[in-house]
There are 2 protein chains.
Amino acid sequence: MTGQDGTSASPGEPGVTGDLFSPACPTRQLLDRIGDKWTSMLVKVLAEAHPEELGFAQLRRCAPGVSHKMLSQTLQSLRRDGLVTRRVEPAVPPRVYYALTDLGLSLDAPLAVVRTWAERHIATIERARIAFGKEHDRG
Amino acid sequence: MTGQDGTSASPGEPGVTGDLFSPACPTRQLLDRIGDKWTSMLVKVLAEAHPEELGFAQLRRCAPGVSHKMLSQTLQSLRRDGLVTRRVEPAVPPRVYYALTDLGLSLDAPLAVVRTWAERHIATIERARIAFGKEHDRG
DNA sequence: CCGGATCCAATTAGATACTG
DNA sequence: CAGTATCTAATTGGATCCGG
């Protein structure tokens, strides 16, 4: 599973590091998790609230369009990865509170960098899309 | 599309900005694109090669596991968004070369920040996963 | 109120085949 | 070799119900 690429890369090939790119690579898995539709949103919301905890229903309101199921599921993934904590208020009806761990909080900055890039360049990209569309219309 | 959240947020609610979170928001679309399985990988590969162009087959080798179809598709998306250029060598058999635009190149830094975070914390996260699993095993 | 389970619809990705 | 279309298999996400 190491250098066995078979082709042993022609001269023009850039550094095929082989670590980030193997499908089994844990970093890849992590990037998939991060790239998940709701993960970045929840991290942002929880980071802004930090160190305040947020209830399930609150989170739901903060992420318009998220279903009951997906929220539950995403939160569990985050919990599993040690990014958020979960606290159950022992009452009737029970309320459950979520917050970022230190690790989860540390993820917000990197994601913010990407968010900023997106906000900064979205206009350019939309223009590119329109231009691309026009280019495609006229055969 | 501005402040109309309906619920007018109870006091404990954090800043529901309402811009990033509406499903129709272009920044959201962009984040989805960025979070795509192959986008970040291709941007990295092309950024490392920059300003050298890479051929289709080369890209394929650099992204193990990507199918012919997905690579084609992802490259077209990137092209559509003005992140990569495409140059066709008029020969038989034809070769096609891809490279990042300035915009595409500028995306590499933000993504690198996330990659770095992932590489730096993957060990901790894997430990968390194992611990979480153990926690789950014993009822 | 929270969250897991089940069922079902919708989206997505791979394999194949065909065009330039 | 590069790219697209088509068909099909697998995955995902939403609605609903039930249990804690």
Side-chain angles (χ1 to χ4, degrees), chain A residues 7 10 12-13 23 28-29 32-42 45-46 53-80 84-99 132-133 135-137 139, chain B residues 7 10 12-13 23 28-29 32-42 45-46 53-80 84-99 132-133 135-137 139:
Chain A
T7 52
S10 27
E13 222 97 328
R28 267 292 304 281
Q29 293 174 23
D32 278 3
R33 171 70 29 86
I34 289 171
D36 175 85
K37 199 171 188 176
W38 304 111
T39 296
S40 57
M41 179 171 308
L42 290 178
V45 168
L46 287 168
E53 298 173 309
L54 292 178
F56 188 86
Q58 276 179 305
L59 286 170
R60 228 185 140 176
R61 272 192 295 279
C62 292
V66 74
S67 69
H68 185 113
K69 182 188 177 181
M70 290 315 328
L71 181 54
S72 219
Q73 205 166 287
T74 305
L75 284 169
Q76 184 163 2
S77 294
L78 291 172
R79 204 149 64 90
R80 196 177 112 89
V84 309
T85 58
R86 178 177 179 271
R87 184 174 66 84
V88 181
E89 190 95 353
V92 177
R95 292 201 55 152
V96 186
Y97 293 94
Y98 293 89
F132 190 85
E135 202 70 28
H136 232 249
D137 284 347
Chain B
T7 50
S10 25
E13 223 98 323
R28 268 292 304 280
Q29 292 174 25
D32 278 1
R33 172 70 29 84
I34 291 171
D36 175 86
K37 199 171 186 174
W38 304 111
T39 296
S40 57
M41 178 172 305
L42 290 177
V45 169
L46 287 168
E53 297 174 309
L54 292 178
F56 189 86
Q58 276 179 304
L59 287 170
R60 229 188 139 173
R61 272 193 295 278
C62 291
V66 73
S67 67
H68 186 114
K69 181 189 177 182
M70 288 322 307
L71 180 55
S72 219
Q73 204 166 290
T74 306
L75 285 169
Q76 184 162 359
S77 294
L78 291 172
R79 204 150 63 90
R80 196 177 112 89
V84 309
T85 58
R86 177 178 178 272
R87 185 174 66 82
V88 181
E89 191 95 353
V92 178
R95 292 202 53 152
V96 185
Y97 293 95
Y98 293 89
F132 189 84
E135 202 68 28
H136 233 251
D137 284 346

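Per chain, numbering begins at 1; letters A, B, ... match sequence-line order. Computed from heavy atoms alone, side chains included, the values below leave out hydrogens, waters and symmetry copies.
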inquiry  = Under 4.0 Å from OP1 or OP2 of D:dT4: is there any side-chain N or O of B:Ser72 that close?
reply    = yes
query = Does B:Gln76 put a side-chain nitrogen or oxygen below 4.0 Å from OP1 or OP2 of D:dT4?
reply = yes
task = Could you check A:Pro94 against A:Lys37 and say which one's nearest nucleotide on DNA chain D is further toward the 5' end?
result = A:Lys37
ask   = Rounded to whole angstrom units, what separation is found between the CG atom of A:Leu54 and the P atom of C:dC1?
value = 17 Å
request  = Could you check A:Arg79, A:Glu53, A:Gln76 and say which one makes a side chain to side chain contact (heavy atoms under 4.5 Å, CB included) with A:Val84?
outcome  = A:Arg79
inquiry  = Distance check needed: C:dT11 P versus B:Asp32 CG, whole Å only.
reply    = 14 Å
query = Which listed nucleotide (C:dG3, D:dG14, D:dG3) is nearest to the side chain of A:Met70?
reply = D:dG14
ask   = Base, sugar-phosphate alone, or nothing: which one does B:Arg60 contact when heavy atoms must sit under 4.0 Å apart?
value = nothing
remark   = Judged by nearest nucleotide, the residue sitting upstream toward the 5' end of DNA chain C, A:Arg79 or A:Pro93, is A:Pro93
Gap between atoms CG and C1', on B:Leu71 and C:dT12 respectively (whole Å) = 17 Å
task = Using whole Å, report how far CD of A:Gln73 lies from C1' of D:dA15.
result = 14 Å
request  = Between B:Asp36 and A:Arg95, name the one whose nearest nucleotide on DNA chain C is closer to the 5' end.
outcome  = A:Arg95
Nearest-Å distance for atom pair CD/P, residues A:Glu89 and C:dG3 = 13 Å
query = How long is the gap from NZ on B:Lys37 to CG on A:Asp32, to the nearest 0.5 Å?
reply = 6.0 Å
request  = Check every strand shown and say whether B:Tyr97 touches a base, only sugar-phosphate, or nothing at a heavy-atom separation below 4.0 Å.
outcome  = nothing
query = Which atom pair, heavy atoms only, marks the closest approach of B:Thr39 to B:Ile34?
reply = CB-O, 4.1 Å
ask   = Just by distance, do the side chain of B:Gln58 and the backbone of B:Gly55 share a donor-acceptor pair under 3.5 Å?
value = yes
key: Check: B:His68 side chain, C:dG14 base, donor-acceptor under 3.5 Å   = no
Comparing B:Phe56 and B:Lys69 on DNA chain D - which has the more 5′ nearest nucleotide = B:Phe56
key: N or O in side chain of A:Arg86 less than 4.0 angstrom from C:dG3 OP1/OP2   = yes
inquiry  = How many whole angstroms separate atom CG of A:Leu75 from atom P of C:dG3?
reply    = 7 Å
task = Take the protein atom CG of B:Leu59 and the nucleotide atom C1' of D:dC1, then report the distance between them rounded to whole Å.
result = 14 Å
message = Check for me whether B:Arg28 meets the cation-pi criterion with A:Trp38, that is, NZ or CZ under 6.0 Å from the six-membered ring centre and within 45 degrees of the ring axis.
response = yes
